[in-house]
Amino acid sequence: MKWIFTVIAILLIFSGCVPMSLLMGPEIQPKGTVKHAVGMDLLIGFDEAIVVPWTFQYLARAGLTDYLEASFRAALPSILISSPSITLEGGVKFGVPGFSNLALLTSGGFFFLSKSGNNETLFEPYMRIAPIVGFKIMDWTIAAKLQLFVASEVGFIPGISVNNGRFYFDIDFPLVGGTTIPDGGLIGIGYAF
């Protein structure tokens with residue numbers, strides 16, 4: 001029985017599609033390949049000194065061509081935070097021929113059972129557009145991104161992503177507060193397979 005709790009703890013610590021980002025390095029999956037990831041985002045509160053789980057996620061990425069990748073993300077909210085909702089999102093990442101360190105992600109999806117104050121809506125649509133620029137140091141890619149995120153609010157979300165193709169670490173700092181954008185930052189810890 002003890003080993004079950006150990007496995008669950010490891011999965012929670014070393015998991016993740018990264019916060020608000022569909023694993024946003026500039027790399028494109030090779031044509032015909034599929035990569036999966038499971039994950040967790042951590043919320044860092046600015047008003048209070050808190051670090052708590054935000055969402056638990058699953059992500060699939062598929063290479064369609066040498067410069068085009070499709071992705072699907074499903075996220076479940078943590079029971080420790082009341083504001084996020086069940087999330088489904090699909091996206092496309094465009095590479096730039098001749099520049100493997102540049103990409104553009106566009107995606108859209110829905111927050112299901114979204115809460116805003118005392119009101120609850122069945123679903124709330126959203127979309128994001130994010131240019132990504134990165135560079136490699138040995139086996140690691142370091143990338144900067146700036147998301148335009150449109151839901152009930154419009155916000156810009158700068159972030160940094162570090163990955164080696166298997167382990168992903170990400171940090172995002174939303175510039176607009178609200179029900180769909182947390183008052184604080186998000187850290188993602190990721191493992192892809």
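Numbers here are sequence positions counted from 1.
- F169 and I137 fall within the same hydrophobic cluster, where Ile, Leu, Val, Met, Phe, Trp and Tyr residues are linked whenever their side-chain heavy atoms come under 4.5 Å apart, directly or through other members.
- When every heavy atom of A130 is checked against every heavy atom of Q147, the shortest pair comes out as CB-CG, 3.7 Å.
- Pairing each heavy atom of T87 with each of R73, the nearest pair is CG2-NH2, 3.7 Å.
- Linking Ile, Leu, Val, Met, Phe, Trp and Tyr whenever their side-chain heavy atoms come within less than 4.5 Å puts Y58 and M40 in one cluster.
- Nearest heavy atom pair, residue G25 against residue K93, reads O-NZ, 2.8 Å.
- Annotation: side chain of S161 is in contact with side chain of K145 (closest heavy-atom distance under 4.5 Å).
- With sequence neighbours excluded, the residues satisfying side chain to side chain contact (heavy atoms under 4.5 Å, CB included) with P158 are L146, L175.
- In this structure, G159 and D172 approach most closely via the heavy-atom pair CA-OD1, 3.3 Å.
- In this structure, L102 belongs to a hydrophobic cluster whose other members, linked by side-chain heavy atoms under 4.5 Å apart, are V96, F99, V133.
- At least one side-chain heavy atom of P77 sits under 4.5 Å from a side-chain heavy atom of I86.
- Listed by chain and number, the residues in a side chain to side chain contact (heavy atoms under 4.5 Å, CB included) with P125 are F110, F123 (sequence neighbours excluded).
- I132 contributes atom CD1, which lies 11.5 Å from atom CG of N101 (distance to the nearest 0.5 angstrom).
- Every residue meeting the side-chain hydrogen bond (donor to acceptor under 3.5 Å, both in side chains) condition with T141, not counting sequence neighbours, appears here in chain and number order: K136.
- In this structure, CD on E89 lies 10.5 Å from CE on M127, to the nearest 0.5 angstrom.
- With sequence neighbours excluded, the residues forming a side chain to side chain contact (heavy atoms under 4.5 Å, CB included) with N164 are W140, R166, F167, listed by chain and number.
- By the rule that hydrophobic residues join a cluster once side-chain heavy atoms approach within less than 4.5 Å of another member, V162 and Y191 end up as members of one cluster.
- Counting non-hydrogen atoms of neighbouring residues, nucleotides and ligands closer than 6.0 angstrom, the CG atom of L68 exceeds 12 such neighbours.
- For Y126, the ring pair (Phe, Tyr, Trp, His ring centres under 6.0 Å) partners two or more places apart in sequence, or in a different chain, are F111, F149.
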Please step through side-chain contact (heavy atoms from CB on, under 4.5 Å) for the pair F94 and I28, ending with a clear verdict.
-> CA-CA 8 Å; F94 301 92; I28 303 293; over 6 Å; no
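- Of all heavy-atom pairs spanning A75 and T55, the tightest one is CB-CB, 4.2 Å.
- Between Y168 and K35 the shortest heavy-atom distance is OH-NZ, 3.9 Å.
- Side chain of Q29 to backbone of E69: no donor-acceptor contact under 3.5 angstrom is found.
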